[in-house]
S.K.: 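Provided herewith is a single structure, encoded as structure tokens, for subsequent inquiry.
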Amino acid sequence: MTKWLRWIASAAALAWLAGTAAAETKIAMVVKNMGNGFFEAARDGGQEAAKELGGVELIYTGPTKPTAEGQIEIINSLIAQKVTAIVISANDPDALVPICKKAMSRGITVLSFDSGVAKAGRLFHINPSNTNLIGEKQIAMASKTIGGSGEIAILSATAQATNQNAWIAVMKKVLEKPEYKNLKLVDVVYGDDQSDKSYREAIGLLRKHPNLKAIIAPTTVGITASAKAVTDQKLVGKVFVTGLGLPSEMAGHVHSGAVDTFAIWNPIDLGYTAVYAAFQIASKKATGKPGSTVSVGRVGKLTIAADSETAMAEPFTFDKSNVDKFAKMF
Ligand code: RAM
């Protein structure tokens with residue numbers, strides 16, 4: 001063999017080795033849909049975990065629109081690709097169970113995060129925070145801003161989203177408390193986590209309910225679209241928007257007065273935790289069984305509750321005083 005041929009052979013061998021090493025553990029993060037800044041921040045956290053763990057390839061994927069059908073198609077192809085693990089934010093708790101079961105039966109670790117798959121379709125679910133706290137916080141923020149009385153409406157994501165539906169159920173319960181007796185929930189609408197549809201739905205709420213005082217949007221896409229609608233309709237100071245948002249997307253609306261306060265948890269930490277936990281399960285460093293713990297790097301430890309769910313930190317509230325600082329992060 002000439003020197004030249006030997007060099008090509010060794011370079012090819014090295015490239016092959018590097019390729020197999022990189023593909024050792026493939027973790028897929030299946031999000032509700034592409035083009036959502038919240039999930040892009042979660043992806044960044046996932047990539048951080050993959051890098052830290054080493055030998056992990058992160059596949060970030062999701063349908064264009066937030067549908068269960070789109071996610072089912074993607075999971076089918078991930079099964080064919082023989083990925084090691086799937087972490088999914090589900091567009092529907094039940095519709096995804098059969099395909100997730102199929103993945104698990106092929107030895108793939110399946111966890112849900114952010115928006116859960118029903119129990120039979122995953123090993124455990126990672127809630128970003130306690131569901132009751134998230135629901136209560138949103139009513140408390142709306143109430144405080146509008147002085148405890150008036151008409152409020154909810155602008156959600158899709159009608160099947162596990163996480164938003166759980167929060168809305170809590171909000172409706174919280175509204176029964178005597179302290180909120182003067183708040184009247186007049187409508188619940190769905191913008192499907194699409195900016196244009198959310199915007200149209202927000203305009204619809206403003207036209208249909210001339211006495212509306214607050215829109216609560218428990219979705220980062222919906223809250224941004226609602227704040228824009230209130231601004232465009234020249235209703236800043238009359239109708240207030242609150243809910244769950246990204247400081248980077250909300251800072252302008254907080255300064256304009258369309259939004260007084262909003263809340264969220266750290267989406268980077270959520271993505272980091274999901275990928276880290278999937279790795280721990282897939283490499284048998286944790287069982288994920290109820291009552292057990294999973295250590296998740298710099299985030300600490302997850303404790304799996306009896307219902308196979310786990311919750312991270314409390315949601316954090318943002319307003320004029322702190323939104324700019326966090327806007328640089330997510
Ligand atoms: C949107 C998505 C996501 C939710 C956040 C608050 O980005 O619906 O699932 O957790 O809002």
Side-chain angles (χ1 to χ4, degrees), residues 29-46 60-68 70-71 87-93 96 111-117 125-131 133-138 141 154-171 188-199 201-202 215-227 241-250 253 259 261-274 309 311-318 326 330:
M29 178 182 279
V30 181
V31 299
K32 283 178 169 176
N33 67 313
M34 300 303 259
N36 178 340
F38 175 87
F39 291 118
E40 281 158 13
R43 172 202 60 200
D44 293 349
Y60 177 72
T61 178
T64 322
K65 292 217 165 136
T67 64
Q71 290 187 315
V87 296
I88 177 170
S89 169
N91 284 318
D92 187 305
L96 284 147
L111 307 181
S112 54
F113 76 105
D114 180 57
S115 184
V117 175
H125 171 68
I126 305 169
N127 284 302
S129 175
N130 177 287
T131 301
L133 277 182
I134 301 172
E136 274 169 41
K137 178 137 227 164
Q138 293 181 78
M141 288 188 297
I154 295 174
L155 188 148
S156 190
T158 65
Q160 293 80 26
T162 324
N163 52 349
Q164 272 91 12
N165 284 347
W167 300 328
I168 292 171
V170 174
M171 287 193 242
V188 180
V189 296
Y190 300 88
D192 294 349
D193 269 355
Q194 304 287 294
S195 300
D196 49 353
K197 177 151 196 257
S198 303
Y199 182 82
E201 292 291 342
I215 297 177
I216 302 178
T219 139
T220 58
V221 180
I223 194 174
T224 315
S226 301
V241 176
T242 187
L244 306 173
L246 294 173
S248 56
E249 294 175 353
M250 300 311 293
H253 294 302
V259 174
T261 59
F262 68 98
I264 200 74
W265 41 90
N266 185 328
I268 303 171
D269 287 357
L270 179 61
Y272 173 95
T273 301
E309 298 207 15
M312 295 170 65
E314 273 195 35
F316 200 77
T317 311
F318 299 91
F326 287 88
F330 51 84

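As a basis for the values below, the full set of heavy atoms in this structure was taken, side chains included, without hydrogen atoms, waters or symmetry mates. In listed order, ligands and their atoms are each counted from 1.
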S.K.: I'd like to know if Asn36 contacts ligand 1, where contact means a heavy-atom distance under 4.0 Å to any ligand atom.
M.R.: yes
S.K.: Quick one: does Asn33's side chain get under 4.5 Å of Gln194's, heavy atoms only?
M.R.: yes
S.K.: Going by distance alone, is a donor N or O of one side chain under 3.5 Å from an acceptor N or O of the other, for Asp192 and Thr158?
M.R.: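 The answer is no; no qualifying pair exists.
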S.K.: Would you compute the distance between atom OG1 of Thr273 and atom CD1 of Ile268 and round it to the nearest 0.5 angstrom?
M.R.: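 That separation rounds to 11.5 Å.
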S.K.: Could you tell me whether Gln164 and ligand 1 have an N or O pair separated by under 3.5 Å?
M.R.: yes
S.K.: Pick whichever of Thr224, Asp193, Thr219 has a heavy atom sitting closest to atom 2 (C) of ligand 1.
M.R.: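 Going through Thr224, Asp193, Thr219 one by one, Asp193 has the nearest heavy atom to atom 2 (C) of ligand 1.
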S.K.: Identify, for atom 1 (C) of ligand 1, the protein heavy atom at the shortest distance, and state residue, atom and that distance.
M.R.: Thr220 OG1, 3.4 Å
S.K.: Tell me yes or no: between the side chains of Lys65 and Asn91, is some donor less than 3.5 Å from an acceptor?
M.R.: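 The answer is no; no qualifying pair exists.
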S.K.: Show the atoms of ligand 1 that are less than 4.0 angstrom away from any heavy atom in Phe39.
M.R.: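 Under 4.0 Å from Phe39, ligand 1 has these atoms: 3 (C), 9 (O).
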S.K.: In this structure, which one of Trp265, Phe318, Phe262 forms a ring-ring contact (aromatic ring centres under 6.0 Å, His included) with Phe326?
M.R.: Phe318
S.K.: Quick one: which of Asn91, Ile223, Asp114, Thr162 has a heavy atom closest to atom 3 (C) of ligand 1?
M.R.: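 Shortest heavy-atom distance from atom 3 (C) of ligand 1: Asp114.
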S.K.: Is there a heavy atom in Trp167 that sits closer than 4.0 Å to ligand 1?
M.R.: yes
S.K.: Hey, is ligand 1 close enough to Asn163 that some N/O pair sits below 3.5 Å?
M.R.: yes
S.K.: Are Ile223 and Leu244 packed together at the side-chain level, in the sense that at least one heavy-atom pair is separated by less than 4.5 angstrom?
M.R.: no
